[in-house]
Amino acid sequence: MQLSPLEIIRRESLQKLRDLGINPYPAEEFKTTATIKDIINNFEDFDGKEVVLAGRMMSRRIMGKASFAELKDASGRMQIYINRDEISSDDEGTMYNTVFKKLLDMGDIIGIKGEVFKTKVGEESVNVKELTVLSKSLRPLPVVKTDADGKVHDAFSDNEQRYRRRYVDLIVNDHVKETFIKRTKITTSMREFFNTRGYLEVETPILQPIPGGAAARPFMTHHNALDMPLYLRIANELYLKRLIVGGFDAVYEFAKDFRNEGMDRTHNPEFTVMELYVAYKDYNWMMSMTEELLEKICLDTNNTSEVMIGNNKVSFKAPYPRVPILEAIKIHTGFDVAGMNEVELRDVCKKVGIDVDETMGIGKMIDELFGEKCEHHYIQPTFITDYPKEMSPLTKEHRTNPALTERFELMVNGKELANAYSELNDPIDQRARFEDQLALSEKGDDEAMFIDQDFIRALEYGMPPTSGIGIGIDRLVMFMTNNASIQEVLFFPQMKPEKKAPSVELNDDEKVLFEMLKKVNKILLNDLKIQSEFSNKKWDKTLKGLTKHNLAKVSNTDDGLFVELI
RNA sequence: GACCUGGUAGCUCAGUUGGUAGAGCACCUCCCUUUUAAGGAGGUGGUCCUGGGUUCGAGCCCCAGCCCGGUCACCA
């Protein structure tokens with residue numbers, strides 16, 4: 001392994017700690033008596049009292065016999081003051097001069113016992129009486145500093161490094177941690193909302209024999225013992241509905257779903273959806289519930305119902321406008337497409353500049369019209385309702401218009417945040433819709449749905465009228481935390497693997513050169529270069545390779561540059 | 001999948017027609033007892049993403065590739 005000079009110094013410090021009888025990785029429990037946040041928030045209660053804290057040393061300012069350092073625990077950051085004569089028991093001041101000043105580094109995890117006080121400059125601090133090494137850090141952390149004006153210097157900002165080493169990102173970038181704390185606040189808030197109403201949180205299979213409930217390309221895997229293919233779920237909808245058939249009135253699941261499709265700023269191959277199904281409700285009820293839920297979530301996480309998303313101020317205060325999709329298309333394109341046949345609709349698409357082809361049905365074209373011409377206008381939360389039947393195979397036919405369905409999507413900041421239906425519970429209609437999908441897939445749509453016979457069988461036993469919703473949790477977190485990229489709200493976004501470390505073995509060129517050198521033992525550098533017949537670049541690289549492996553050495557003597565074996 | 005921009009020290013970044021690889025912070029040595037992004041002085045530190053090529057000479061030019069990011073395509 002190739003170590004940088006900074007890493008070598010730290011490993012030497014590690015050994016020196018051991019030589020002093022200090023275990024750099026002690027096993028004992030370290031009992032703390034407070035958190036940094038507690039102390040800062042309730043300073044008067046702590047002032048003058050003894051506390052025990054543990055955390056990571058994030059900076060250090062050494063001034064002779066006294067020093068200041070910054071300690072960071074899970075709750076916050078605080079200054080500590082360390083005086084040589086107070087933490088050292090011997091005359092040499094070993095604990096201070098050697099351990100603290102020389103052998104500890106930024107990033108080390110330490111425990112301290114000391115007295116809370118405020119410095120002359122007015123900063124809350126702890127005057128350290130005892131210092132304990134809890135874990136030595138062998139790699140240097142990026143040093144991020146914030147000046148008096150709040151300006152950040154040398155931020156650890158390379159996205160590739162931040163995502164690949166999220167742990168470092170979390171250590172040095174406090175705002176990143178905030179995002180993930182908010183993410184948990186959001187899901188906690190939702191659970192509270194549902195649990196208060198008596199809804200049951202459940203778990204359903206991730207490995208499915210038929211990837212149903214949505215139209216998307218699945219990840220495929222294989223079960224060895226059963227010798228059968230299995231798919232990672234693209235949705236859990238059909239399983240949750242089976243539970244409604246089984247007699248639960250309301251079930252919900254926070255589900256990781258997996259879709260084998262392109263990745264971008266708003267798509268990760270695995271993502272989280274909260275799906276909820278409530279019996280005896282319809283999509284109107286679901287709209288009311290959704291706006292109430294989102295207002296609560298926003299208040300719980302941001303203490304206000306308004307948030308900035310990019311340059312837009314968005315209010316989650318209920319209620320939200322409800323706009324039928326055909327109405328939206330009329331508003332934003334000027335065309336009333338209600339009742340149009342496929343030919344007429346294709347004509348409209350061409351007029352507004354949307355590429356169409358023969359495989360596109362009415363549903364697909366309406367979807368395109370909305371997506372291209374309308375979607376981006378809906379910045380404030382808006383329910384878009386009553387989608388055409390063709391694009392909604394799991395949705396109940398509209399109570400007043402058989403061409404439409406009782407479906408809504410919630411648009412926020414021009415993006416889809418949720419999708420909900422009055423669920424189709426007529427098993428005969430459901431079978432017919434699946435067969436329509438099959439026809440579409442034969443027409444060339446490789447994402448049309450598979451037919452799940454057992455799901456239809458369940459419906460045949462009878463499912464109460466039910467409304468269901470799926471809310472994209474990653475997108476919701478992006479909105480609530482004002483992040484434009486899904487990678488900022490996932491701890492570990494999907495990445496291509498890092499390149500492998502260079503091999504420790506000699507490559508072919510190095511082997512050739514090594515063999516030549518073995519024959520002569522020592523030779524003028526230029527002679528060997530000529531003998532090797534390598535290009536300049538290759539020569540340089542190969543010789544450096546040999547010296548790095550400690551097989552050869554270049555020496556500069558009065559007689560010239562020599563290469564010799566070691 | 002296509003195109004565009006990037007990849008240089010632990011971090012953030014410079015690097016001139018192609019001519020000895022730089023700065024700040026970090027690190028090391030020394031001075032300093034309540035300091036404030038970063039007190040003073042001196043020093044160490046490099047696979048310039050990888051592999052080929054052109055050239056007397058490549059961080060820079062050419063070719064191929066890898067990885068991040070962006071735009072588009074795809075995305076019930």
Side-chain angles (χ1 to χ4, degrees), chain A residues 2-10 12-13 59-70 79 81-86 96 102 105-107 117-123 125 127 139-164 168 172 212-217 234-235 237 257 259-267 269 355 363-364 367 371 387 390-395 407 409 416 419 421 437 440 445-449 470 484-485 487 493 495-502 507 509 535-538 540-541 544-545 548:
Chain A
Q2 201 71 29
L3 294 177
S4 73
L6 298 184
E7 290 172 292
I8 292 166
I9 288 167
R10 287 186 180 222
E12 286 167 1
S13 298
S59 71
R60 202 168 42 161
R61 297 182 289 281
I62 295 173
M63 296 164 304
K65 283 181 276 182
S67 298
F68 291 92
E70 189 182 30
Q79 175 169 278
Y81 170 78
I82 298 178
N83 183 298
R84 183 187 72 186
D85 300 325
E86 297 201 52
Y96 181 76
K102 299 236 198 291
D105 292 287
M106 241 180 67
F117 77 110
K118 203 173 260 190
T119 63
K120 274 185 195 164
V121 202
E123 180 156 346
S125 308
N127 187 351
R139 281 179 187 261
L141 282 176
V143 186
V144 181
K145 292 186 177 174
T146 309
D147 66 18
D149 305 327
K151 202 173 154 217
V152 177
H153 298 259
D154 296 341
F156 179 56
S157 57
D158 181 273
N159 285 341
E160 181 170 5
Q161 295 309 322
R162 288 184 48 234
Y163 301 151
R164 289 197 196 280
V168 176
V172 303
R217 287 206 298 273
I234 56 176
E237 170 155 356
D257 289 346
R259 297 187 185 178
N260 203 342
E261 282 162 9
M263 293 167 58
D264 61 29
R265 218 162 72 258
T266 55
H267 295 87
D355 289 336
K364 185 94 179 165
D367 196 33
Y387 284 68
E390 194 185 336
M391 46 196 294
S392 312
L394 300 167
T395 314
R407 169 179 179 183
E409 289 194 354
E416 178 194 338
N419 183 18
Y421 321 137
Q437 288 291 305
L440 277 179
D445 185 347
D446 64 350
E447 293 192 335
M449 295 184 190
S485 165
Q487 297 167 110
M495 302 282 275
K496 284 202 182 182
E498 283 181 272
K499 231 179 316 182
K500 276 190 213 130
N507 65 29
D509 291 333
S535 72
N536 284 323
K537 194 170 271 185
K538 186 178 275 188
D540 188 58
K541 198 160 207 75
K544 276 180 182 164
K548 190 181 287 173

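In this text, all values refer to a predicted model and were calculated from it rather than measured experimentally. Numbered from 1 within each chain, the chains take letters A, B, ... in sequence-line order.
- Heavy-atom distances to RNA chain B give each of A/Asp158 and A/Thr146 a nearest nucleotide, and the one nearer the 5′ end belongs to A/Asp158.
- Put simply, CD on A/Glu7 is 14 Å from C1' on B/C11, counting in whole angstrom units.
- As the counterpart of B/G18, no nucleotide is assigned, since no Watson-Crick or G-U wobble pattern has both distances under 3.5 Å.
- Comparing the C1' positions of B/C32 and B/A58 gives a spacing of 47 Å, expressed to the nearest Å.
- For the C1' atom pair drawn from B/U44 and B/C49, the interatomic distance equals 25 Å after rounding to whole Å.
- Following rounding to the nearest Å, A/Tyr81 (OH) and B/U33 (P) show an atom-to-atom distance of 9 Å.
- For the pair A/Val144 and A/Arg60, both in contact range of RNA chain B, the more 5′-proximal nearest nucleotide belongs to A/Val144.
- The CD1-P distance, from A/Ile62 to B/U33, rounds to 13 Å in whole Å.
- The nearest pair of heavy atoms linking A/Ser59 to A/Arg61 is OG-NH1, 4.0 Å.
- Distances were taken from every side-chain heavy atom of A/Glu123 (C-beta onward) to each of B/C28, B/U36, B/G10; the shortest belongs to B/U36.
- Picking from B/A73, B/C67, B/U12 the nucleotide with the shortest atom distance to the side chain of A/Lys496 gives B/C67.
- Set against B/U36, B/C74, B/A76, the side chain of A/Glu416 has B/A76 as its closest nucleotide.
- A/Tyr81 places no side-chain N or O within donor-acceptor distance of the main-chain N or O of A/Lys118, the cut-off being under 3.5 Å.
- The salt bridge (charged side-chain N to carboxylate O under 4.0 Å, His left out) search around A/Glu12 returns none, not counting sequence neighbours.
- Looking at every heavy atom in both residues, A/Met106 comes nearest to A/Leu141 through CE-O, 4.3 Å.
- Here the nucleotide nearest the side chain of A/Asp105, chosen from B/C27, B/C68, B/A38, is B/C27.
- Minimum atom distance to the side chain of A/Asn159 is reached by B/G69, of the listed B/G69, B/A38, B/A76.
- Nucleotide B/G69 holds its P atom 11 Å from the CZ atom of A/Arg162, rounded to whole Å.
- Below the 3.5 angstrom threshold, one finds no donor paired with an acceptor across the side chain of A/Arg61 and the base of B/A37.
- When distances run from any side-chain atom of A/Asp154 to the nucleotides B/G10, B/C68, B/G24, the shortest one goes to B/G24.
- When distances run from any side-chain atom of A/Asn419 to the nucleotides B/C25, B/U36, B/A76, the shortest one goes to B/A76.
- Among the heavy atoms of the strands, none lies under 4.0 Å from A/Ala235.
- The salt bridge (charged side-chain N to carboxylate O under 4.0 Å, His left out) check on A/Glu123 picks up nothing, with sequence neighbours excluded.
- Residue A/Pro140 places its side chain closer to B/G10 than to any other of B/G10, B/U12, B/A37.
- Annotation: B/C27 and B/C11 have their C1' atoms spaced 12 Å apart (nearest Å).
- Residue A/Val143 is in sugar-phosphate contact alone, with no base atom involved, counting any heavy-atom pair closer than 4.0 Å across all strands shown.
- When heavy atoms are screened at a 4.0 angstrom cut-off, A/Thr266 is found touching no nucleic acid atom at all.
- Spacing between B/C74 and B/A2 at atom P, rounded to whole Å, works out to 16 Å.
- Protein atom CD of A/Glu86 is 13 Å distant from nucleotide atom P of B/U34, rounded to whole Å.
- Between the A/Glu261 side chain and the A/Arg217 main chain, a donor and an acceptor come within less than 3.5 Å of each other.
- A/Leu6 comes within 4.0 angstrom of a base, heavy atoms only.
- A donor-acceptor pair shorter than 3.5 Å can be found between the side chains of A/Ser392 and A/Arg407.
- B/G15 sits 38 Å from B/A73 when the C1' atoms are compared, rounded to a whole Å.
- One interatomic measurement links the two molecules: CG of A/Asp264 to P of B/A2, which rounds to 17 Å at whole-angstrom precision.
- Residue A/Gln161 places no side-chain N or O under 4.0 Å from the OP1 or OP2 atom of B/G7.
- Taking 4.0 angstrom as the limit, A/Arg265 places a side-chain polar atom (N or O) nearer than this to OP1 or OP2 of B/U71.
- The C1' atoms of B/G69 and B/G19 are separated by 34 Å, rounded to the nearest whole Å.
- Rounded to an integer number of Å, the gap from A/Asp367 CG to B/C74 P is 12 Å.
- Between B/A38 and A/Lys145, a contact under 4.0 Å exists linking OP1 or OP2 to a side-chain N or O.
- The shortest distance between the side-chain N/O atoms of A/Lys102 and the OP1/OP2 oxygens of B/C27 is not below 4.0 Å.
- Across B/U50 and B/G7, the matching C1' atoms stand 11 Å from one another, rounded to whole Å.
- Here B/G43 sits opposite B/C27 as a Watson-Crick or G-U wobble pair (both hydrogen-bonding atom distances under 3.5 Å).
- The side chain of A/Thr119 lies closest to B/U34 when the candidates are B/U34, B/C11, B/C68.
- No side-chain N or O of A/Asn127 forms a donor-acceptor pair with one of A/Ser125 less than 3.5 Å apart.
- For A/Lys120, taking side-chain heavy atoms from C-beta onward, the closest of the listed nucleotides B/U34, B/G69, B/C67 is B/U34.
- The side chain of A/Lys65 contributes no N or O atom lying less than 4.0 Å from OP1 or OP2 of B/C31.
- Atoms CG (A/Asn83) and C1' (B/U34) sit 10 Å apart, rounded to a whole Å.
- When all heavy atoms are compared, the tightest approach of A/Ile234 to A/Ala215 is CD1-N, 4.5 Å.
- Between the side chain of A/His153 and the base of B/C25, no donor-acceptor pair of N or O atoms lies under 3.5 Å.
- A/Phe117 comes within 4.0 angstrom of a base, heavy atoms only.
- The separation of B/U20 from B/U16, taken at their P atoms, amounts to 12 Å, rounded to a whole angstrom.
- Heavy atoms of A/Arg259 sit under 4.0 angstrom from at least one base atom.
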